[in-house]
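Counting starts at 1 for both ligands and their atoms, in listed order.
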Amino acid sequence: MLDRLQRPLRDLRISVTDRCNFRCSYCMPKEVFDKQYAFLPQSSLLSFEEIARIAALFVAHGVAKIRLTGGEPLLRRDLDRLVAQLARLRTVANEPVDLTLTTNGSLLAKKAEALKAAGLGRVTVSLDALDDAVFRRMNDADFPVVDVLHGIDAAERAGFAPIKVNMVVKRGINDHEIVPMARHFRGRNVALRFIEYMDVGATNGWRMDEVVPSAEVVATLDAEFGLERLPVVTTGETAERWRYADASVAGEIGTISSVTQAFCGDCNRARLSTEGKLFLCLFASRGHDLRGLLRGGASDAEISAAIGLVWRNRDDRYSQLRSSGLTAPASGERRVEMHYIGG
Ligand code: SAM
């Protein structure tokens with residue numbers, strides 16, 4: 001199934017909660033997401049059974065990879081139950097679905113083993129600094145870095161390999177942590193990925209001068225350690241990858257350059273929001289309601305047809321249009337927030 005720009009649907013990101021225990025300023029700034037903020041009521045959230053039913057329909061449409069995200073997905077109680085249901089899915093090629101999770105790592109030490117046992121395939125941990133003071137300032141919840149590092153260790157012990165670690169780089173805030181992060185994870189079976197700070201949502205006050213282009217990150221690391229470019233393995237891959245020039249050293253470096261090198265051309269991702277809306281782009285303003293169909297008694301065939309119709313009409317390519325000035329949402333609309341749509 002191809003969209004209007006001939007892109008297939010392969011990757012589904014599911015936000016299982018809009019809540020998070022961190023308040024990273026680039027994602028859920030404290031001033032906006034405070035005690036008064038109205039998060040979704042429990043009854044609005046898709047149940048695990050509803051998520052699993054929709055996910056199976058996406059897989060029948062060609063999805064081969066599912067990422068659980070949020071918000072902070074490990075805040076959703078008994079997430080391993082959902083993992084177990086999704087782990088049973090088979091792709092159209094009759095292979096297990098590539099089932100993965102993105103987490104801030106705060107609860108990973110407690111939950112890594114149960115997630116592995118339930119059938120989770122891979123884990124990505126977000127970590128923006130090694131320095132405790134910098135990390136606490138970035139998560140703005142006074143959360144210590146050592147607990148996330150313990151979470152990563154626990155995930156390794158549980159058998160997740162390789163683990164991905166994602167660092168969002170903001171100029172003047174944590175760019176001095178690029179080399180220490182690489183030094184820390186070098187030699188381990190960890191893919192450390194540097195993400196350009198993006199203009200997602202409408203609350204983070206994004207400015208281009210706070211973006212550190214990936215090319216700069218790579219130049220810094222190349223000068224320090226020596227890097228060699230790795231080939232692309234799958235189309236639609238968001239990261240460009242490098243290994244250490246010293247081939248005896250384990251570890252990988254990746255860069256995700258949604259700002260300086262838009263990768264809309266082969267974007268094969270759809271996103272299912274916490275309350276069951278289908279979004280076709282991280283920068284979208286509007287989603288397509290699937291929960292209404294689910295709860296209104298629609299059959300699998302009807303929901304599947306609705307998903308097909310939405311995908312075939314898709315022509316989103318926000319990042320490519322960003323520099324052309326054509327990306328402002330229509331008046332009265334706001335870009336949806338990342339914690340709701342799923343990062
Ligand atoms: N709570 C989980 C976590 O921290 O990984 C999952 C959700 S979070 C929205 C997913 C990823 O999006 C994290 O790696 C986070 O750093 C990244 N992210 C959020 N806002 C971003 C922004 N403005 N630019 C770049 N990455 C961002």
### Message
Under 4.0 Å from a heavy atom of Gly70: which atoms of ligand 1 are those, numbered in the order shown and with their elements?
### Response
7 (C), 9 (C)

### Query
Identify the closest protein heavy atom to atom 12 (O) of ligand 1: which residue and atom is it, and at what distance?
Met338 CE, 3.1 Å

### Message
Please list the nearest protein heavy atom to atom 13 (C) of ligand 1 with its residue and the distance rounded to 0.1 Å.
### Response
Ser126 OG, 3.2 Å

### Query
What do you reckon, does Tyr197 have a nitrogen or oxygen under 3.5 Å from a nitrogen or oxygen of ligand 1?
no

## Note on the structure
So the atoms of ligand 1 within less than 4.0 Å of a heavy atom of Val200 turn out to be 22 (C), 23 (N)

### Task
Taking only Lys NZ, Arg NE, NH1 and NH2, and the carboxylate oxygens of Asp or Glu, determine whether Arg136 and Asp132 approach each other closer than 4.0 Å.
yes

### Query
Does the distance from a Lys or Arg side-chain N to an Asp or Glu carboxylate O, for Arg137 and Asp128, drop under 4.0 Å?
no

### Message
I need the atoms of ligand 1 closer than 4.0 Å to a non-hydrogen atom of Asn204, numbered in the order shown.
### Response
23 (N)

#### Entry: Gln85, CD: over 12 other non-hydrogen atoms inside 6.0 angstrom
yes

#### Entry: Ring geometry between Phe135 and Phe143 (parallel below 30°, tilted from 30 to 60°, perpendicular above 60°)
perpendicular

### Message
Check this for me: does any side-chain nitrogen of one of Lys170 and Glu196 sit under 4.0 Å from a carboxylate oxygen of the other?
### Response
no

### For atom 26 (N) of ligand 1, closest protein heavy-atom neighbour
Val168 CG2, 3.4 Å

### Query
Which residue owns the protein heavy atom closest to atom 20 (N) of ligand 1, what's the atom, and how far is it?
Tyr26 CD1, 3.3 Å

### Query
Considering only heavy atoms, which of Gly71, Cys20, Ser106 lies nearest to atom 6 (C) of ligand 1?
Gly71

### Message
Can you tell whether the side chains of Glu252 and Arg243 come within less than 4.0 Å, N to carboxylate O?
### Response
no

### Mode of Asn104 contact toward ligand 1 - side chain, backbone, both, neither (heavy atoms, under 4.0 Å)
both

### Task
Using a strict cut-off of 4.0 Å, indicate which atoms of ligand 1 neighbour a heavy atom of Thr69.
6 (C), 7 (C)

### Query
Backbone, side chain, both or neither: what part of Thr102 comes under 4.0 angstrom of ligand 1, heavy atoms only?
both

### Message
Would the distance check show the side chain of Arg23 and the main-chain N or O of Asn139 forming a donor-acceptor pair, the cut-off being under 3.5 Å?
### Response
no

### Query
Side-chain contact, heavy-atom cut-off 4.5 Å: Leu290 with Lys277?
no

### Query
Nearest protein heavy-atom contact for atom 24 (N) of ligand 1: which residue, which atom, what distance?
Met198 N, 2.8 Å

### Message
Below 4.0 Å from ligand 1: does a non-hydrogen atom of Glu196 turn up there or not?
### Response
yes

### Query
Just checking, is any N or O donor in the side chain of Arg7 or Asn268 under 3.5 Å from an acceptor N or O on the other one?
no

